[in-house]
Every structure is written in C-alpha cells, then in structure tokens.
2 protein chains.
Amino acid sequence: METTDLRRAGLKVTHPRMRILSILEAGDGKHFSAEDIYRKLLESEEDIGLATIYRVLTQFEAAGLVLKHNFEGGQAVYELDRGKHHDHMVDIETGKVIEFTSEEIERLQHEIADRHGYVLEEHSLVLYVRAKKKR
Amino acid sequence: METTDLRRAGLKVTHPRMRILSILEAGDGKHFSAEDIYRKLLESEEDIGLATIYRVLTQFEAAGLVLKHNFEGGQAVYELDRGKHHDHMVDIETGKVIEFTSEEIERLQHEIADRHGYVLEEHSLVLYVRAKKKR
DNA sequence: TTAGATGCAAATATTTTGCAGCAAT
DNA sequence: ATTGCTGCAAAATATTTGCATCTAA
C-alpha cells in the first residue's frame, strides 16, 4: 500500500505524495511527465502545484520508487519502479513506448565495461523503431 | 576540407560555420556543448552569438555532419560524425566519455526490434560506469 | 509543537525565434 | 542584387528555488 511505501522512504505521508503515487500506480507501467501528472490532478479538481510535483518526483527517484528517463523531446518522464529491470523501445511514428529485456545485452554491457577497467553502475538503452511495413 | 563539407551539405560557407566545424575537428572525437564552443570562440576573440552556434549545430546535425547526444545533465553535446558508429560509456566520477562498439549488441538490438514487429532506425546506448577499485 | 511540506512567484538553465542589418554567391 | 546568414534581444520550455504558510507526526 502507498502509505507504507512512503514511510519506508522516510517521507511524510501527505496528500500530494499519495495522489502522485496513486496516479503512477494506476498508470501501470506507463510513463508520465511532470506535466502529465499535473494535468491529471487538475482534471480531478486537485490543486497541487507543478513545483511540488517536480519535488515529489525527485524524492521518489532518490527513494528508488520511480525511474526517470530522458527520451528525446524535452520533458523527462517517470515510471513506477516495479523491480524488474527493462529497457525501452520507442515507436518514432506513434510515440508508443514498449518495454523489453535482454539478458544477453545486459551481460555484454558488463563485459564491455569490465574490459575497459570499469564497473557498470547504470545504463540507458533506447531503441527508436518504426513499424514493419505490412505486405 | 571544411569548405567542401559545407557546400556538400548545401550550406553557405560562412565564417561562423567554418570556425565551429574546425573546433569540432580539432577536438578529434571529443564532445562539445553549444556553450563549450561559444567559450572557445570567445577565447579566440571571435564574436559569434550563442544563437548562431545552436542554429549551426542543428543544421550540421540535419546534414549528418555531427551527432547530438543527450547524456545526463542538461546540456546536449555534439561530436563530429566520423562515420564509424559507436556507443558511449560515461565515467560517473570524472565525466570522461569513452567510445566503444559491439557488433554483438548491435545485432541483438535489430533482433529484438524485429521480434516485436519493428525496424530499428536508431538507438541510444550509454553505460554509466565507475573505475574499478585498485587492489 | 515542530520539522518538514506545500503553493506561489520568481529565478535558472537551455534552446528557439523574430527581425533588422550583413555577407556570400 | 538576392538569398540566405548573423547578432541581438526577447520568447519559449523545462525545471529549480526562496519564502511565508500550512500540516503531518
């Protein structure tokens, strides 16, 4: 439950934080920009400032509750971290985001970092794709 | 020579474009933000507006002369496109950027896109790494 | 009660654009 | 001579911050 997540993160259980978290949960893996969330809250009559949303998302990221991505196109987007690591594929025509995982690529990444004398801490892999022509 | 590159791209051979191109060439694969270039030009007494630098870099990107990257941390960076595709590794402690290539990862990316019914158009892969502890 | 959170407005940071004058062809 | 380029200032976009006020614990 949300309350527990917040407490575990050492954050006070406030109205804005609950609402933002529940939007992310309802999105079920979808990606939201700060503005997306702001607009959703406006729709449901809630008056939460955009600044608060940025602050809360930053805290959530630090607490490991959400992941932040910088795809092309200005705004950063956030998704709930549901534990299973994955990478993203973005359909350049529709903007649709598809998640995928590849053990193989993960392994190769570690190997490459290692070969250069480094330890892999994080990575960002985004495939920009176009739907195959039907025929 | 620079003049040829510019003409081939259908761009007039102007002083700002020549200077920006030569800075990128002198950098030999290094990555520059628009500001980096702006400051370098100021150092050599050249009065080229920041807006012009952004415009020129955008044109260069469209012409395929440079590649643009959005690593973490605000500013986009540009590097001369020397033809050989590569990905990047960023040392999170020093900010150093190391280039690498992996046939294997390239192949897997195509395979994954294909398996999902897409054609891979582009991709962005950045490894964030930390130097191995000496011992 | 009090440390921490929020809203608002103002500040930053990065990049883009309008426009009048300037330069390359 | 024309068409395209540049500088400058202003605008646009995305995000952060100061501060007075409010609220969860």
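First the proteins, then the strands, lettered A, B, ... as listed; each starts at 1.
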Does [X] make a side-chain N or O approach to OP1 or OP2 of [N] shorter than 4.0 Å?
{"X": "A:R7", "N": "D:dA25", "value": "yes"}
{"X": "B:T52", "N": "D:dC5", "value": "no"}
{"X": "B:Y54", "N": "C:dT16", "value": "no"}
{"X": "A:T14", "N": "C:dT6", "value": "yes"}
{"X": "A:R55", "N": "C:dA5", "value": "no"}

So B:A34, base contact, sugar-phosphate only, or nothing? Heavy-atom distance under 4.0 Å.
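If one applies the 4.0 Å heavy-atom cut-off, B:A34 turns out to touch nothing in the nucleic acid.
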
Could you give the [atom1]-to-[atom2] distance, from [X] to [N], as a whole number of Å?
{"X": "A:L11", "N": "D:dT23", "atom1": "CG", "atom2": "P", "value": "19 Å"}
{"X": "A:L50", "N": "C:dT12", "atom1": "CG", "atom2": "P", "value": "19 Å"}
{"X": "B:L57", "N": "D:dC5", "atom1": "CG", "atom2": "C1'", "value": "15 Å"}
{"X": "B:D47", "N": "C:dA23", "atom1": "CG", "atom2": "P", "value": "14 Å"}
{"X": "A:N70", "N": "C:dT14", "atom1": "CG", "atom2": "C1'", "value": "13 Å"}
{"X": "A:M18", "N": "C:dA5", "atom1": "CE", "atom2": "C1'", "value": "15 Å"}
{"X": "B:R17", "N": "D:dG7", "atom1": "CZ", "atom2": "C1'", "value": "14 Å"}
{"X": "B:D36", "N": "C:dT14", "atom1": "CG", "atom2": "P", "value": "11 Å"}

For C:dA23, does the base pair up with any side-chain atom of B:K12 as donor and acceptor (N or O, under 3.5 Å, distance only)?
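There is none.
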
Would a distance-only check, ignoring hydrogens and angles, find a side-chain to backbone donor-acceptor pair under 3.5 Å from B:K68 to B:E61?
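Checking the backbone N and O of B:E61 against the side chain of B:K68, no donor-acceptor pair under 3.5 Å is found.
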
Do B:D36 and B:I23 touch side chain to side chain, with heavy atoms closer than 4.5 Å?
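No; the side chains remain at least 4.5 Å from each other.
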
Under 4.5 Å between any side-chain heavy atoms of B:D5 and B:E25, yes or no?
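A side-chain contact exists here, since the closest heavy-atom pair is under 4.5 Å.
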
Tell me which of A:G49 and B:K68 sits closer to the 5' end of DNA chain C, going by the nucleotide each one is nearest to.
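The residue whose closest nucleotide sits nearer the 5' end is A:G49.
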
For the pair A:E103 and A:R107, find out whether any cationic side-chain nitrogen is under 4.0 Å from an anionic carboxylate oxygen.
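No salt bridge links A:E103 with A:R107.
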
Between A:E35 and A:A51, just flag the one whose closest nucleotide in DNA chain D comes earlier from the 5' side.
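In this pair, the answer is A:E35.
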
Nucleotide nearest A:I48 when distance is taken to its side chain, options C:dT15, C:dT6, C:dG7:
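Between C:dT15, C:dT6, C:dG7, the one nearest the side chain of A:I48 would be C:dG7.
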
Please determine whether the number of non-hydrogen atoms from other residues, nucleotides or ligands lying under 6.0 Å from atom NZ of B:K96 exceeds 12.
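Result for NZ/B:K96: open.
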
